[in-house]
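Here is the structure we will look at, set down as C-alpha cells.
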Number of protein chains: 2
Amino acid sequence: MARTPRNTLSADLIVRTALELMEAKGAGAFSLRGVAAELEVGPMALYTYFRNKDDLYDAVRNHLMSLLPPVPPEVPWPDQVRAVCRSLRLLMLQHPCLVQLLGGRPLSGHETARVAEGLLGVLRAAGFAPEAAARTHTTLFTYVLGSASWEIQMAAERRDPEAWRRLRVSIESLSAREFPAVVELAPELARTTGGDEQFDYGLDLLLSGLQARTA
Amino acid sequence: MARTPRNTLSADLIVRTALELMEAKGAGAFSLRGVAAELEVGPMALYTYFRNKDDLYDAVRNHLMSLLPPVPPEVPWPDQVRAVCRSLRLLMLQHPCLVQLLGGRPLSGHETARVAEGLLGVLRAAGFAPEAAARTHTTLFTYVLGSASWEIQMAAERRDPEAWRRLRVSIESLSAREFPAVVELAPELARTTGGDEQFDYGLDLLLSGLQARTA
DNA sequence: ACCTGAACACCGTTCAAGT
DNA sequence: ACCTGAACACCGTTCAAGT
C-alpha cells in the first residue's frame, strides 16, 4: 500500500469508509481509529471533517436516509403506506447499523425530515386529520423500527452457531408444565420469526385498523 | 468508605450495581471497571461470577425481565393483550437500558420465555391458531419494542438542552415548499410524540385489526 | 473458590506542532 | 486549511500469582 496523505481525504470519503466498516464488522466494533487506518491517515485527520465520533454517526445516518426511494404516486393510499413502510424496512435490513444509529443518536438533518414528509403527505392527502396523521405516522414508523430491529437481532443469532445452539438448548430445556404455550408453539415461533410475510402480517393489521377507522 | 474485599461479593450484588450504573449514566457509559470501582474491588473480581461483559449484560436483562407482572386473569382477551403490552412498555420506560439489552444481545434464560408465555397463552386461549398466535405475538412485541425505543430516544432528546435546541432549529429551517406536511404538522408531531395516548393509539389499531379478523 | 496486580491491545480526544 | 505525533484517561481481557 502506497502512502496517500495527499488531498484525497473528504467528508464523503470518510462517511463511505465508515459505512463499509460498520456493515462489515457491525456498528459495535466500529472505531474512528479503524476508519483512519483504513484510509491510511492518522486518527486526528478525521477531526478536520467531523467534530467527534457522534458527528460522524450523524453523517452516516443522514447518508443512509437519503437512499430511501420516493413514494409511488398514482396508487391508492394504503398501497402507498405499504410501499413506504416496506422500503424503510428494506433499507434497515440492508444496513443493519441504521437501526442502532436511529436508536442511539439525536435526530437532525433534512434526510430524516424527508422520510417523515413522504408518509405524512400520503396520510394528509388521504384525508387524515392533523392529529390522526401525526399519530399514524409515529405508529407506523415505530412498528417498522421495532420489527426490523428484532429481525436483524434474530438473523445475527442464526448466523452465530454458538448463540444459535444456546438458544435451541434454552428452548428445549423449558418445562412443558411451566411454559405450555411456548413449548407448543416453538416450531411456529421459529418458522414465523422474521421474513416479509411476518412483517406484512403486522402491517396489514395496522392498515385494516386504519381503514376501519376512516370508513 | 471502608474497604470491603470480604465475602460480600455475589452475582446478585454485581447485577444490581450494574443496573444502577446503567440507569444513572445510560447503558453506553456503563463499564465493568465502573462496576468494580463502585464495589471497591479490582476489575478482575467480577470474572469470578461472569465470564465476560456480555454475560453480565444477559444477567441484567434476565433480572429486568423477571420484574414483568403476570397476566391479569378473568378479563376478556383484548384487555389481557392490552395489559401485557402496557406493562412491557412501562418496564422498558422505567429501565431504558432494557431496550438496548434486548436489541444488542442474543436471547437466553427462562425470564424471556416467561414473557412470551404470557402473551402466547392469552392468544391460544382466545382461539388463535398456532401460526396466527405466533405471528400476532411477534407483531405486538416488536410494536412495543419499537415504540418504547423511540419514546426513550425522544425523552433523552428533550432532556439534553443542546440536542433539543438543534432539533428545533433543524425543524424550523425546513422549507415549507420542500416539506409541506412536516412543516404543517410539526406542532402535532411534537405534541403526539410519546406518551400513553400515542402508544394506545397504535395498540388499538392492532387490536381492532385482530378483532376484525377473529370475527 | 475467590480476589489481586501487572500487562496487553485497544479506545476517543486534547494539545502542540508542522505544512 | 489540513494533517501529524505524542500523550492522557479510559476500555475489556489475559496471565500469573496470591489466599
Side-chain angles (χ1 to χ4, degrees), chain A residues 1-61 97 100-101 104-106 160 162-163, chain B residues 1-61 97 100-101 104-106 160 162-163:
Chain A
M1 297 290 172
R3 288 216 149 214
T4 49
R6 296 168 296 188
N7 262 14
T8 55
L9 220 51
S10 73
D12 198 64
L13 179 61
I14 294 171
V15 166
R16 288 201 329 263
T17 308
L19 182 57
E20 273 176 34
L21 288 183
M22 282 185 191
E23 288 182 353
K25 302 175 156 194
F30 164 81
S31 74
L32 285 183
R33 290 179 114 108
V35 176
E38 182 72 24
L39 292 168
E40 302 189 66
V41 293
M44 291 316 298
L46 309 179
Y47 283 74
T48 306
Y49 302 91
F50 300 97
R51 295 212 330 259
N52 50 33
K53 197 184 187 184
D54 284 340
D55 200 25
L56 178 52
Y57 278 143
D58 290 346
V60 173
R61 188 202 50 207
C97 55
Q100 279 156 288
L101 292 173
R105 286 285 309 151
D160 180 2
E162 171 57 19
Chain B
M1 297 290 174
R3 289 215 148 213
T4 48
R6 295 168 296 186
N7 261 14
T8 54
L9 220 53
S10 72
D12 198 65
L13 179 61
I14 294 171
V15 167
R16 287 200 329 263
T17 308
L19 182 57
E20 272 176 36
L21 288 183
M22 281 185 192
E23 289 181 354
K25 302 175 156 194
F30 164 80
S31 74
L32 285 182
R33 289 179 116 107
V35 176
E38 182 72 24
L39 292 167
E40 301 188 68
V41 294
M44 291 315 298
L46 308 180
Y47 282 75
T48 306
Y49 302 91
F50 301 97
R51 296 214 327 260
N52 50 34
K53 197 183 188 185
D54 284 339
D55 201 24
L56 178 53
Y57 277 143
D58 289 345
V60 172
R61 188 202 51 208
C97 55
Q100 279 156 288
L101 293 173
R105 284 287 307 153
D160 180 2
E162 171 56 19

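Heavy-atom basis, side chains included; hydrogens, waters and symmetry copies ignored. Small disclaimer: the values here were computed from a predicted structure and weren't measured. Below, chain A is the first sequence line, B the second, and so on; all start at residue 1.
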Candidates D/dT13, C/dT13, C/dG12 - which lies nearest the side chain of B/N52: D/dT13
Rounded interatomic separation in angstrom, taking CG from A/L46 and C1' from C/dC11: 14 Å
B/F30 side chain reached by B/V60 side chain, heavy atoms, under 4.5 Å: no
Nucleotide nearest A/M44 (side chain, heavy atoms from C-beta), chosen from D/dA6, C/dC3, D/dC2: D/dA6
Spacing of B/L32 atom CG relative to D/dT13 atom C1', expressed in whole Å: 9 Å
Close side-chain approach of B/V15 and B/Y49, heavy atoms under 4.5 Å: no
Nucleotide C/dC2, atom P - distance to CG of B/L13 in whole Å: 14 Å
Pairwise side-chain contact, B/L21 with B/S31, heavy-atom cut-off 4.5 Å (strictly under): no
Heavy-atom side-chain contact between A/R61 and A/D58 under 4.5 Å: yes
Residue B/V41, side-chain heavy atoms: nucleotide from C/dT4, C/dT13, D/dG12 that is nearest: C/dT4
Interatomic distance where CZ belongs to A/F50 and P belongs to D/dC3 [whole Å]: 12 Å
Distance below 4.0 Å between B/Y47 side-chain N/O and D/dT13 OP1 or OP2: yes
A/R51 CZ to C/dG12 P, straight-line distance once rounded to whole Å: 17 Å
Euclidean distance, atom CG of residue B/L39 to atom P of C/dT4 [Å, nearest integer]: 11 Å
Identified pairing partner of C/dT13, criterion: Watson-Crick or G-U wobble below 3.5 Å: D/dA7
Nearest non-hydrogen partners of A/A59 and A/F50, listed with the distance: CB-CE2, 3.6 Å
Closest-nucleotide 5' rank along DNA chain D - winner of A/R33 and A/T48: A/T48
Sugar-phosphate, base or nothing in reach of B/Y49, heavy atoms under 4.0 Å: sugar-phosphate
Atom pair distance, as rounded to whole Å: NZ in B/K53 and C1' in C/dC11: 11 Å
Length of the line joining A/L21:CG and C/dC11:P, which is rounded to integer Å: 11 Å
Sugar-phosphate, base or nothing in reach of A/S31, heavy atoms under 4.0 Å: sugar-phosphate
